[in-house]
Amino acid sequence: MKRIVIMGASSGIGLAVAEAFASRGIKVGMAARHTETMRELKKKYPDMIEYESIDVTHANAPKLLDELIAKLGGMDIYFHVSGIGYENLTLDPQREVNIIATNLGGFARMLCAAYRYFRDNNRKGRIAAVTSVAGTNGIGRLSAYSASKKGAQAYMVALEQLANAEGADVSFTDIRPGWIRTPLLVEGLKYPMEMTLEYAVPLIIKAIVRHPRVAVIDWRWNILVGLWRALPNCLWTRVKMNISTPDRSLPAPASDSISPAKEEKEERDV
């Protein structure tokens, strides 16, 4: 029986993928900071689900991942979907750093832990991770977010090169979605070519199962990304790119600064 660990499984893509796999008889290890939804899903699939509270920004996260793998009885696929993101129009430095710490620092912490599990135990394994189409170029309104996703994509390339050099039997899939309506998106705003979870999740599952090296979700975003990657920086940096409708003013007035409480509400696992 295949066993998959999903990091960032408490909501959105991660939760939907976890239920889809559990319903198909695949054992799922769920991990995220908050456990309420994971606990409820285990009640529905008691023999298929194990879960653990893990914060990818904490140093103890790899140890907790090992404990979850042990409870699951092993791991064949590691799927990373944990991340945060928001527009930081005032360019508050701490908010930029928070995004990098989770989306790149936490990403590296957990992917290297998963890689070490497969390599050190001489196991064939697969690492799939959600990055983003935003990682294909720097986006002004999502500066730290797009940079963190670009770094995550480069990190996967580096790990793949390492696996080949070490002879580790580990394959990698970089899943790059466009906008998907999850708790990460702001209620009341519309996003370009926005997709529903019901539409996007089967495509993401297909990518996990078939494991292409890169999977852009969906075909419309694949075309758009191909076009904007072809633009030289001298042209790309002159593109005025709105993130949502209605558009937010840029720069944001000082009165629009986000309180720590609201920031915590926005910082959810994808």
Side-chain angles (χ1 to χ4, degrees), residues 2-51 77-87 103 126-136 142 145 149 152 173-212 214-225 242-246 265-270:
K2 289 287 187 181
R3 291 156 294 189
I4 181 172
V5 170
I6 302 175
M7 187 65 58
S10 64
S11 65
I13 296 170
L15 181 61
V17 169
E19 180 159 19
F21 276 118
S23 68
R24 290 165 171 80
I26 295 172
K27 295 199 71 173
V28 180
M30 303 176 68
R33 289 182 300 168
H34 307 295
T35 61
E36 292 85 353
T37 53
M38 298 190 296
R39 186 182 305 117
E40 290 303 312
L41 193 60
K42 181 171 175 59
K43 291 178 182 177
K44 188 174 180 181
Y45 302 99
D47 298 327
M48 292 292 110
I49 298 287
E50 300 292 346
Y51 68 90
I77 304 170
Y78 176 80
F79 178 47
H80 191 98
V81 68
S82 179
I84 61 174
Y86 39 75
E87 287 184 76
N103 293 358
R126 190 181 317 154
I127 295 175
V130 169
T131 62
S132 172
V133 295
T136 59
L142 297 170
Y145 182 79
K149 296 301 185 178
T173 295
D174 180 353
I175 300 172
R176 304 176 181 179
W179 295 115
I180 300 175
R181 177 51 64 179
T182 70
L184 197 67
L185 301 190
V186 179
E187 289 293 335
L189 297 182
K190 294 186 179 299
Y191 294 80
M193 296 192 294
E194 182 181 317
M195 296 171 281
T196 65
L197 272 175
E198 292 76 14
Y199 171 76
V201 165
L203 298 177
I204 292 171
I205 291 173
K206 181 179 178 180
I208 295 171
V209 172
R210 296 189 178 182
H211 54 95
V214 175
V216 178
I217 312 295
D218 63 357
W219 64 271
R220 299 167 301 170
W221 283 101
N222 199 20
I223 293 172
L224 182 60
V225 167
N242 296 336
I243 298 301
S244 61
T245 305
K265 183 178 179 182
E266 288 185 348
E267 292 185 5
R268 309 183 195 181
D269 293 326
V270 178

Is there side-chain contact between [X] and [Y], with heavy atoms separated by less than 4.5 Å?
X: Ile180; Y: Ile204; answer: yes
X: Trp221; Y: Met195; answer: yes
X: Leu15; Y: Met30; answer: yes
X: Ser23; Y: Tyr45; answer: yes
X: Ile6; Y: Val81; answer: yes
X: Arg39; Y: Tyr51; answer: yes
X: Val201; Y: Ile205; answer: yes
X: Thr245; Y: Leu189; answer: no

Quiz item: Does the pair Tyr86 and Val186 meet the rule for a side chain to side chain contact (heavy atoms under 4.5 Å, CB included), with working shown?
Solution: CA-CA 9 Å; Tyr86 39 75; Val186 179; over 6 Å; no
When rounded to the nearest 0.5 angstrom, what distance separates [atom1] in [X] from [atom2] in [Y]?
X: Arg181; Y: Glu187; atom1: CZ; atom2: CD; result: 5.5 Å
X: Ile243; Y: Leu142; atom1: CD1; atom2: CG; result: 4.0 Å
X: Lys2; Y: Lys27; atom1: NZ; atom2: NZ; result: 15.0 Å
X: Leu185; Y: Glu194; atom1: CG; atom2: CD; result: 6.0 Å
X: Trp219; Y: Met193; atom1: CH2; atom2: CE; result: 9.0 Å
X: Ile217; Y: Ser132; atom1: CD1; atom2: OG; result: 11.5 Å

Exercise. Check Val130, Val28, Val5, Ile127 against Phe79 for a side chain to side chain contact (heavy atoms under 4.5 Å, CB included) and give me the one that passes.
Key: Val130
Test item: [X] side-chain N/O and [Y] main-chain N/O as donor-acceptor pair under 3.5 Å:
X: Asn242; Y: Ser244; value: no
X: Ser10; Y: Thr37; value: no
X: Thr35; Y: Met38; value: no

Quiz prompt | Considering all heavy atoms, the nearest Gly25-Met48 contact | solution = C-SD, 3.6 Å
Exercise. Determine the minimum heavy-atom distance between Leu41 and Ala18, stating which atoms define it.
Key: CD2-CB, 4.1 Å
Exercise. With side chain to side chain contact (heavy atoms under 4.5 Å, CB included) as the test, would you mind laying out the steps for Ile84 and Tyr145 before giving the verdict?
Key: CA-CA 8 Å; Ile84 61 174; Tyr145 182 79; over 6 Å; no
Quiz prompt | Lys43 and Glu40 ion-paired at < 4.0 Å | solution = yes
Self-check item: Glu19 and Lys44 ion-paired at < 4.0 Å
Solution: yes
Quiz prompt | Partner residues of Tyr78 under the ring-ring contact (aromatic ring centres under 6.0 Å, His included) criterion, sequence neighbours left out | solution = His80
Self-check item: Results of side-chain hydrogen bond (donor to acceptor under 3.5 Å, both in side chains) for Asp174 - residues two or more places apart only
Solution: Thr131, Arg176
Quiz item: Which is it for Ile208 and Phe21 under the side chain to side chain contact (heavy atoms under 4.5 Å, CB included) test, yes or no, and what are the steps along the way?
Solution: CA-CA 11 Å; Ile208 295 171; Phe21 276 118; 4.0 Å; yes
